[in-house]
Amino acid sequence: MIDAGDKEVYQCFARDITERKRFQEERLHSQKIEAIGQVADGIAHDFRNALTAISGYNALGQDLLPEHHPALESLKRIDQVIGQANGLIKGLLTFSRRQETEQQSVELHQLVENSSDLFRRILPATITLEIDVASVQNFQVSADVTQLQQVLLNLMINARDAMPDGGTLRISLSPAPADRGDGSDTAGWVRIEVSDTGVGMPPEVQAHIFEPFFTTKPDEYGTGLGLAMVHSIVSQHGGRVEVRSTVGQGSTFTVLLPPATLDSIPDDAISSRNWKSGAGEMILLAEDHRYVREIMAATLRHVGYEVVQAEDGLALLDRYQAHRDHLRLLIADLDLPGCSGLDGLRQLRARGARLPAILITGTDSRDLSDQLDMETLLLRKPFQMATLARLVYSLLHQEARVDDQTHLDRPG
Ligand code: ADP
Ligand code: MG
């Protein structure tokens, strides 16, 4: 208030802070995402250990039961729930910056089903959405979830735009045909088809649709970037995208994706008969998480090995010394207390230990491939016990064919 004799005068200052508020909101949003990411990072390690143990005991239980035991059905359900829990933790991890560009193993039919609400929301009532993912259950791809959603979304929006008067939009998953007549080998791949009953495209349009900025839509609608993006994402995932279209009848976009690597193959896809049997070879197992260690030991014993356990880095060195003449293989967690699995292994190697080794890591982002020697493989958590058993067998028999499996990092 300013005193102006007998009058009271008020001065007001106003400033438009819309921009500032928007900026604050954006910052808040990214801070929230970052917080979720940090929490996810924090719990992911322990959570994965727990899941590894649960899935291990579950697999062992299934293997111990006779083939048609009524309890098997329930145990298989547990597998599914474990899969979901894994998905959850992976979903959370997409918020952590570390994971942003990382590919993770994604269950395709779940991805499509989870996105279907979103899809319905962007479609007008005149368009019927059909989703058929039933024929491909449990198919996993190594993928960036957000990018893969982006692919589906772009194809959907294009299909919607092609049906201004309504029609049917169909998304389906099916196994890719092995031989597609062009010499390419797509056996074991999956096929995602997005088809519409819209306007279709003449060949001269089809020839350009994947080019950036190519659009037939009015300025305010088309950017011409949708399919260019689809193309580059699918290529990054090692896949292919194709189109078939007839003017006046509609279009079908086909995305072909290769399967995920070995670590994400669900247990029930590997029959228990494939768990190769050991011949009493002695394995040193160093893992600090008790349940994980015990289920690994139980599994290895179950398939015929003798197991010596160590709970930290020092015990690892100690047990090695005690059993060095009989040990055939070393399995060690990277994050052992006392002395990390990698340091422990180095010390053993320095003492002349030539036995093959498997190092286990719960962290996705670390690249250790240049620090490992030829006798050492890296296995990422969570892994299936069947994977472990197969890996052990192949290492002991030196028939490890792992060059093309990205979860197993091997130098050279
Ligand atoms: P935009 O949608 O911004 O035009 P896109 O790269 O997504 O860019 O698509 C490029 C062009 O491909 C479209 O403008 C359209 O001519 C054609 N097109 C894409 N999908 C379809 C479809 N399902 N039906 C008919 N034409 C399509
Ligand atoms: Mg588009």
Side-chain angles (χ1 to χ4, degrees), residues 94 101 106 108-109 111-136 141 143-177 180 182 184 186 189-257:
T94 52
T101 53
V106 184
L108 261 190
H109 82 275
L111 177 90
V112 175
E113 270 169 3
N114 293 348
S115 316
S116 61
D117 277 347
L118 173 67
F119 296 161
R120 285 206 171 83
R121 249 179 286 140
I122 60 165
L123 295 178
T126 48
I127 296 179
T128 313
L129 176 64
E130 287 179 7
I131 295 184
D132 176 12
V133 295
S135 67
V136 183
V141 291
D144 184 312
V145 179
T146 347
Q147 287 190 325
L148 223 49
Q149 262 167 346
Q150 198 75 52
V151 166
L152 292 176
L153 211 55
N154 274 314
L155 295 177
M156 299 254 328
I157 291 172
N158 282 345
R160 179 197 65 187
D161 293 349
M163 299 186 285
D165 302 317
T168 303
L169 201 171
R170 202 179 131 77
I171 303 178
S172 69
L173 292 185
S174 54
R180 294 161 48 256
D182 58 0
S184 62
T186 47
W189 289 33
V190 74
R191 175 168 60 182
I192 310 171
E193 284 188 324
V194 178
S195 56
D196 63 66
T197 54
V199 294
M201 294 168 260
E204 62 274 21
V205 169
Q206 276 182 55
H208 298 288
I209 54 173
F210 294 110
E211 292 170 17
F213 306 114
F214 176 85
T215 180
T216 58
K217 296 173 192 174
D219 256 347
E220 58 274 300
Y221 292 110
T223 61
L225 285 175
L227 288 176
M229 214 150 87
V230 165
H231 190 271
S232 83
I233 292 175
V234 171
S235 309
Q236 277 167 36
H237 284 82
R240 250 169 280 152
V241 53
E242 292 159 5
V243 64
R244 296 192 307 277
S245 183
T246 310
V247 174
Q249 287 184 16
S251 315
T252 297
F253 283 84
T254 305
V255 173
L256 296 153
L257 291 173

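Note: hydrogens, waters and symmetry copies are ignored here, and every other heavy atom, side chains too, is used. The chain is numbered in sequence order, starting from 1. In each ligand, atom 1 is the first atom listed, and ligand 1 is the first ligand listed.
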Problem set entry | Element-labelled atoms of ligand 1 that are located less than 4.0 Å from some non-hydrogen atom of T215 | 1 (P), 4 (O), 14 (O)

Problem set entry | F210, portion touching ligand 1 at heavy-atom distance under 4.0 Å | neither

For this session: Would you check if M201 and H208 make a side-chain contact, meaning some heavy-atom pair closer than 4.5 Å?
Result: no

Problem set entry | S245 versus S251, closest heavy-atom pair with distance | OG-OG, 3.0 Å

Exercise. P177 and R191: which non-hydrogen atoms are nearest, and at how many Å?
Worked result: CD-NH1, 3.6 Å

For this session: Could you tell me the residue and atom name of the protein heavy atom closest to atom 17 (C) of ligand 1, and the distance to it rounded to 0.1 Å?
Result: I209 CG2, 3.8 Å

Problem set entry | Numbered atoms of ligand 1 (with element) below 4.0 Å of A162, judged on heavy atoms | 22 (C), 24 (N), 25 (C)

Exercise. How far is atom 14 (O) of ligand 1 from its nearest protein heavy atom, and which residue and atom name does that atom have?
Worked result: T216 N, 2.9 Å

Seminar exercise, completed: If you scan protein heavy atoms around atom 18 (N) of ligand 1, the nearest is M201 SD, 3.9 Å

Seminar exercise, completed: of all protein heavy atoms, closest to atom 5 (P) of ligand 1 is L227 N, 3.6 Å

Problem set entry | Protein contact to atom 23 (N) of ligand 1 [nearest heavy atom, distance to 0.1 Å] | D196 OD2, 2.8 Å

Exercise. Do you know which two heavy atoms are closest between A143 and V106, and how far apart they sit?
Worked result: O-CG2, 3.6 Å

Problem set entry | atom 2 (O) of ligand 1 - nearest protein heavy atom and its distance | K217 NZ, 2.7 Å

Exercise. Taking side chain as C-beta onward, heavy atoms only, is I131 less than 4.5 Å from L173?
Worked result: no

Exercise. Side chains of R170 and S195: donor-acceptor distance under 3.5 Å anywhere?
Worked result: no

Exercise. Closest approach of M156 and V194, non-hydrogen atoms and distance?
Worked result: N-CG1, 4.5 Å

For this session: Fit a plane to each ring of F210 and F253, take the angle between them on a 0 to 90° scale, and name the class: parallel (under 30°), tilted (30 to 60°) or perpendicular (over 60°).
Result: perpendicular

For this session: Can you check the number of protein N/O/S atoms within less than 2.8 Å of the Mg ion (ligand 2)?
Result: 1

For this session: Compare all side-chain heavy atoms of L227 with those of V243 and state whether any distance is below 4.5 angstrom.
Result: no

For this session: Taking the side chain as every heavy atom from C-beta outward, state whether L108 and V133 have any pair of such atoms under 4.5 Å apart.
Result: no

Problem set entry | S251 heavy atom under 4.0 Å from ligand 1 | yes

Problem set entry | Pairwise side-chain contact, V151 with I192, heavy-atom cut-off 4.5 Å (strictly under) | no

Exercise. Starting from atom 1 (P) of ligand 1, which protein heavy atom do you reach first, and at what distance in Å?
Worked result: G224 N, 3.6 Å

Seminar exercise, completed: For Q149 and S115 the tightest heavy-atom approach is NE2-OG, 3.4 Å

Exercise. What is the nearest protein non-hydrogen atom to atom 10 (C) of ligand 1, stated with its residue, atom name and distance?
Worked result: F214 O, 3.3 Å

